[in-house]
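For reference, the structure is listed below as structure tokens.
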Amino acid sequence: MPFFFPDAVYIEQRVLSLVHTQEILSNLQGTPVHIVSHLSEVVSKKPLPSDKILILAKQEGKFLKPCPCTKNHICCGYYFINLATNCPIGCTYCILQGYLNNPYLTVYTNLDDLFTELDETKRSFRKKFFRIGTGELTDSLILDHLTGHSRKLISYFANWHDALFELKTKTTQIQHLPEKPPPSNNIVISWSLNPARIIREEEKHAPLLEERIMAAATCLKAGYGVGFHFDPLIHYPEWEKEYKTTVKILFDQIPADKIAWISLGALRYPAKMDKIIRTNHPESSIVLGELFPGKDGKYRYFRPIREQMYRTITAYIRSLNRAVPLYLCMESQSIWSKVLSRHFSSDIFRRTNSSPSLA
Ligand code: SF4
């Protein structure tokens, strides 16, 4: 997948002189630049000559937010840093299509405010263990060649030992990570994985499965913790065989005892997404599955289907390695108990690749 370079950059006047704005611009020499008073000006200016634009703006709210989780489901206590929004990879099931008022790739460049906020959080919650990542509203590494976010954040989290910092990606864009992770042993680079067929049909612009795993192997070799998310799990006739093949390909390349964690999360999306996916991706078969509204109003596969998928995949993973830490994303306590025979505990996240915990 080639690096993303925009056809034009729109910059809010109030962030123009900020160091981070200028740093990004220095990586975009020759790209037309437009100054605007507020990003809403760009969003309302339709149509733009190209959709491939980048907006540099001020984060007006909090950078650090708890994961909104989902009603009546287990919340694993994750926090995300809202540094950028949107993503050019364009997966058919991506909830950002229906989630954001601003459809353009946007980076918030008031980084001083971010680090002040992180300092305050660290000071106020001295004993609290945090899991924090940047991959909620965009792919964590998709713009790293322009922003250098990974270096800045990894160097910050190297000194916050009670936090585990995760960069979540589908890309192979690991070139801008620090060559070696800090000795703090609290940085995890993680990849979302799916069978080759799903990648081909639903994640068309993302790197292939083997390419993602190779990137993970490179990071592991450099000393980073690596994690994997089978999320969203898609139900289709050949799912069992193809997810097992995917797990096997992963374990053939990455020693299971070096994996920080594996998460499983079945496809889910807000009701309004059904129409959005049909409109934006008429060729996708995602919406043809048997999805029903759950207690939180989100569409999910019928519970027996989800349970069967979780049980089958966890049993297969356990048959290959009984110790790799596993968790379920956005599921109920009763599914946790049935599938993993235990309740949620954040203890599984405390250590990374060099000493994974039993789960
Ligand atoms: S990689 Fe993630 S953020 Fe990007 S389009 Fe796919 S699901 Fe959305």
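Just so you know, ligand 1 is whichever comes first in the structure, and atom 1 is the first atom listed for that ligand. For the single chain, residues carry numbers from 1 onward in sequence order.
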Atom indices of ligand 1, in the order listed, that fall short of 4.0 Å to a heavy atom of G90
5 (S)
Tell me whether atom 4 (Fe) of ligand 1 has C91 as a neighbour, meaning an N, O or S atom of it below 2.8 Å.
no
Any carboxylate oxygen within less than 4.0 angstrom of a Lys/Arg side-chain nitrogen, looking at E179 and R151?
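R151 and E179: not salt-bridged.
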Charged N-O contact under 4.0 Å between K204 and E283:
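So K204 pairs with E283 through a salt bridge.
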Is there side-chain contact between I81 and H149, with at least one heavy-atom pair below 4.5 Å?
no
Distance flag, aromatic centroids of H145 and F5, threshold under 6.0 Å:
yes
Atom 8 (Fe) of ligand 1 contact by C87, N, O or S atom under 2.8 Å
no
Closest protein heavy atom to atom 8 (Fe) of ligand 1, given as residue, atom name and distance to 0.1 Å:
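Protein heavy atom with the smallest distance to atom 8 (Fe) of ligand 1: C94 SG, 2.3 Å.
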Identify the closest protein heavy atom to atom 1 (S) of ligand 1: which residue and atom is it, and at what distance?
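That would be K170 NZ, 3.5 Å.
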Around atom CG of D252, are there more than 12 heavy atoms of other residues, nucleotides or ligands at under 6.0 Å?
yes
